[in-house]
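By convention here, the first residue in the shown sequence is residue 1.
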Amino acid sequence: MSSNEKNNDHLLQAPRGTRDFVGDTYDRKADFYRQAEAIARGYGFTGIETPVFEHTEIFTKGVGEGTDIVDKEMYNFTTAGGDRLTLRPEGTAAVMRAYIEHGMGSMPQPLYLYYTGPFFRHEKPQKGRYRQLYQFGLEVMGGKNPMYDILTIKTGYNILKTSGREISVQVNTLGSVSERQNYLEILKKFYQEHQSQLAESDQYRIETNPLRILDSKEPSTKTINEKAPLLQDQLGEASKAYFDAVTKGLEDLGIPYEVVPSLVRGLDYYEHTVFEYVTKDEQGANSLALGGGGRYDGLAEMIGHKESVPAVGLGLGVDRILEVAHDDAYLDTSRKKVSIIAIGDKVIGEAIKIAGIVAGSGCEVLMQATD
Ligand code: AMP
């Protein structure tokens, strides 16, 4: 093989971290979307589709500098006209941009929105991690009441249950922005005092994003974290009451949940409720995150709106859901398959006519010609 041919080998493979959906993999994804949309619509959500790219600042200001997504994972590009754009790494900030742009705040509140589609993160490709990933998202915009948090969690839970897997919810509160700010100062001071004992990869986060250190998987950091101050001790009565209402709602609905104080979700726009859905991996050991979300009352102002828009939402990881789902979860077997073979050119027209009648009765027709 010439070196030229060899160099071109990669052209015939999808770029790293991306894949093709064809046959069963296509059908299962489509069926997941069909079921998820039906459930979301049942709870009053309607669809929204935003562009796959946005102005870069929507994400740098919304998701926040110092987060993995913004610092390392975004696909940024500059157009011939000089616009700085980014392939969307997540959905919430773009949906909020659309809400503001179209003055949706003057419509009856809150708005219940869902979306589906591809998102882009330049992550190290590995099992279950893609650079073009798919999410199903829900956003309730323009409402501040624990009911909306509970309803969002419940709708996502019902969608995930279609996978046939045991699902549980990890939930936490980040308190209000000022409580969190206060806490961040306390936390920064604590980590500064223990800087040399932290894993090296965590030390630089003390200034940029100390909350993320709480999430660290590094053994030395984990040991320090056992003594770290807790946000829960900085919460005022109102924040505690809000969170109690959310957990009581989950209890009333019989949704299995656990309060996990180290859950921070690592995106700047979250406050008060944050949550993640988990299921056990195949060995029944580690828990695998299938999606997550939270409340983001300050996001609208972060991306330049004059008023805050109280809102709560979630994103479900479609790739992972399809990977862990039971075999029969997303196979739509309700439509009968009918094979029609046209024997000889003379009957082609008649055969296609018959195919139309059969398809019209709700079957899937597969036609073949004898050549
Ligand atoms: P996040 O909002 O970042 O927690 O993403 C929500 C869900 O999307 C996660 O719980 C994962 O299931 C899924 N997800 C995130 N990043 C990726 C990725 N690179 N590849 C596949 N799924 C992902």
Met74 CE to Leu85 CG distance, which is reported to the nearest 0.5 Å
11.0 Å
Would you compute the distance between atom CG of Leu230 and atom CG of Leu235 and round it to the nearest 0.5 angstrom?
10.0 Å
Centres of the Tyr157 and Tyr277 rings: under 6.0 Å?
no
What about the rings of Phe21 and Tyr26, do their centers lie closer together than 6.0 Å?
no
Under the salt bridge (Lys or Arg N to Asp or Glu O under 4.0 Å) rule, collect the residues that match up with [X], sequence neighbours excluded.
X      : answer
Glu49  : none
Glu179 : none
Arg205 : Asp68, Asp202

Does [atom1] belonging to [X] count more than 12 external heavy atoms closer than 6.0 Å?
X      : atom1 : value
Ile343 : CD1   : no
Asp345 : CG    : no
Arg84  : CZ    : no
Glu57  : CD    : no
Asp20  : CG    : no
Gln126 : CD    : yes
Lys188 : NZ    : yes

Pairwise salt bridge (charged side-chain N to carboxylate O under 4.0 Å, His left out) hits with a residue in residues 87-106, at least two apart:
Glu54-Arg97, Arg97-Glu101
Within residues 161-173 or reaching into it, pairs that qualify as salt bridge (charged side-chain N to carboxylate O under 4.0 Å, His left out) - sequence neighbours excluded
none
Pairing donors with acceptors under 3.5 angstrom, does anything connect the side chains of [X] and [Y]?
X      : Y      : result
Glu139 : Thr92  : yes
Asn172 : Gln232 : yes
Tyr296 : Asp268 : no
Glu251 : Tyr257 : yes
Tyr330 : Gln35  : no

Which atoms form the tightest heavy-atom contact between Ser176 and Glu271, and what is the distance?
CA-OE1, 4.2 Å
Can you see which heavy atom on Ser106 is nearest to which on Gly103, and at what distance?
OG-O, 2.9 Å
Listed partners of Glu301 passing side chain to side chain donor-acceptor pair (under 3.5 Å), at least two apart:
none
Pair Tyr270-Leu299, side-chain contact (heavy atoms from CB on, under 4.5 Å): steps then yes or no:
CA-CA 8 Å; Tyr270 287 124; Leu299 172 61; over 6 Å; no
Which residues pass the ring-ring contact (aromatic ring centres under 6.0 Å, His included) test with [X], sequence neighbours left out?
X      : answer
Tyr130 : none
Phe190 : His194
Tyr75  : His122
Tyr99  : none

Main-chain N/O of [Y] paired to [X] side chain as donor or acceptor, under 3.5 Å:
X      : Y      : answer
Arg212 : Thr67  : no
Thr223 : Pro219 : yes
Gln203 : Gln195 : yes
Ser239 : Gly236 : no
Thr221 : Ala199 : yes

Charged N-O contact under 4.0 Å between Asp244 and Lys240:
no
Does any pair with a residue in residues 47-72 pass ring-ring contact (aromatic ring centres under 6.0 Å, His included), and if so which ones, sequence neighbours excluded?
Phe53-Phe77
Do we get Lys154 above Tyr43's six-membered ring, with its NZ or CZ under 6.0 Å from the centre and within 45° of the axis?
no
Could you check whether any side-chain heavy atom of Glu73 comes within less than 4.5 Å of a side-chain heavy atom of Lys124, counting everything from C-beta outward?
no
Under the criterion side-chain contact (heavy atoms from CB on, under 4.5 Å), I'd like the reasoning laid out for Ile100 against Ile303: C-alpha separation, chi angles, the key distance, then a yes or no.
CA-CA 10 Å; Ile100 298 166; Ile303 60 172; 4.0 Å; yes
Run through Arg19, Lys127, Arg131, Arg28 and flag the one making a salt bridge (Lys or Arg N to Asp or Glu O under 4.0 Å) with Asp319.
Arg19
For residues 305-316, which residue pairs qualify under side chain to side chain donor-acceptor pair (under 3.5 Å), counting only residues two or more places apart or in two chains?
none
By the definition side-chain hydrogen bond (donor to acceptor under 3.5 Å, both in side chains), identify the one residue from Tyr242, Tyr269, Tyr148 that meets it with Arg295.
Tyr242
